[in-house]
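A short worksheet on the structure shown next.
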Amino acid sequence: MESPFKGKTGLRRVWNAFHYSLDGLGAAWRHEDAFRQEALLTLLMVPLALWLGENAVERVLMIGSVLLVLIVELMNSAVEATVDRVSLERHPLAKRAKDVGSAAVMVALINVAVVWGLVLLG
């Protein structure tokens with residue numbers, strides 16, 4: 001059975017998807033402290049990467065690693081919201097889902113440190 005929310009096609013679907021994405025970014029900004037912190041850090045680190053990177057490849061690697069943190073944080077927030085929607089009671093599987101999402105963010109942050117370290121230290 002397909003979702004009743006499916007059905008739009010073509011440019012209308014793209015337009016709707018764009019607005020849903022903006023809604024998601026707004027919700028993450030309003031409700032997720034970690035996302036706000038990482039977004040602000042991104043605003044600092046992207047210009048820094050443009051300045052410190054010596055060529056396009058270095059700049060792309062540095063900026064891409066930072067943007068990956070935001071992507072993973074958004075996915076982690078989606079998992080947490082879904083788990084909380086299902087039930088607020090403590091359950092080992094709920095804890096595992098949230099912990100794994102948190103671990104994904106940590107790995108993305110480690111990736112930033114490794115990429116920036118390798119680029120800057122050569």
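Quick caveat, the model's predicted, so the values are computed rather than measured. Just the heavy atoms: all of them, side chains too, but no hydrogens, waters or symmetry mates, feed the values below.
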Got a sec: does the CZ of Arg36 have more than 12 other heavy atoms crowding it under 6.0 Å?
yes

How close do Ser65 and Val112 get, heavy atom to heavy atom, and via which atoms?
O-CG2, 3.2 Å

Applying a strict under-4.5 Å side-chain criterion to I, L, V, M, F, W and Y, I'd like to know whether Val46 and Val57 cluster together.
no

So if you build clusters from Ile, Leu, Val, Met, Phe, Trp, Tyr with side-chain heavy-atom gaps below 4.5 Å, do Trp51 and Leu61 land together?
yes

Work out which heavy atom in Val72 is nearest to a heavy atom in Ala108; give both atom names and the distance.
CG2-CB, 4.1 Å

Do Leu44 and Trp116 share a hydrophobic cluster, counting only Ile, Leu, Val, Met, Phe, Trp and Tyr and linking them when any side-chain heavy atoms are less than 4.5 Å apart?
yes

Should the heavy atoms of other residues, nucleotides or ligands under 6.0 Å from CH2 of Trp29 be counted, would the total exceed 12?
yes

Could you tell me the separation between the CG atom of Leu40 and the CE atom of Met45, rounded to the nearest 0.5 Å?
13.0 Å

Can you tell me how far CG of Leu68 sits from CG of Asn111, rounded to the nearest 0.5 angstrom?
6.0 Å

Nearest 0.5 Å, what's the CG-CG distance between Leu25 and Leu74?
6.0 Å

Rounded distance [0.5 Å steps], CE in Met106 versus CG in Leu109
9.0 Å

Glu38 versus Val105, closest heavy-atom pair with distance:
OE2-CG1, 3.7 Å

Could you grab the distance from atom CD of Glu73 to atom CD of Gln37, nearest 0.5 Å is fine?
9.0 Å

Around atom CG of Leu11, are there more than 12 heavy atoms of other residues, nucleotides or ligands at under 6.0 Å?
no

Do Phe35 and Met75 land in one hydrophobic cluster if side-chain heavy atoms of ILVMFWY residues count as linked below 4.5 Å?
no

side-chain contact (heavy atoms from CB on, under 4.5 Å) between Leu48 and Met62, intermediate numbers included:
CA-CA 9 Å; Leu48 199 57; Met62 293 168 79; over 6 Å; no

In this structure, OG1 of Thr82 is separated from NZ of Lys98 (nearest 0.5 Å) by 10.5 Å

Run Val115 and Val66 through side-chain contact (heavy atoms from CB on, under 4.5 Å) and show every step you take.
CA-CA 10 Å; Val115 168; Val66 172; over 6 Å; no

Minimal heavy-atom distance between Ala49 and Ile63, with the atoms involved, is CB-CG1, 3.7 Å

Determine the minimum heavy-atom distance between Leu120 and Leu52, stating which atoms define it.
CD2-CB, 3.9 Å

Shortest non-hydrogen contact from Leu70 toward Ala39
CD2-N, 3.7 Å

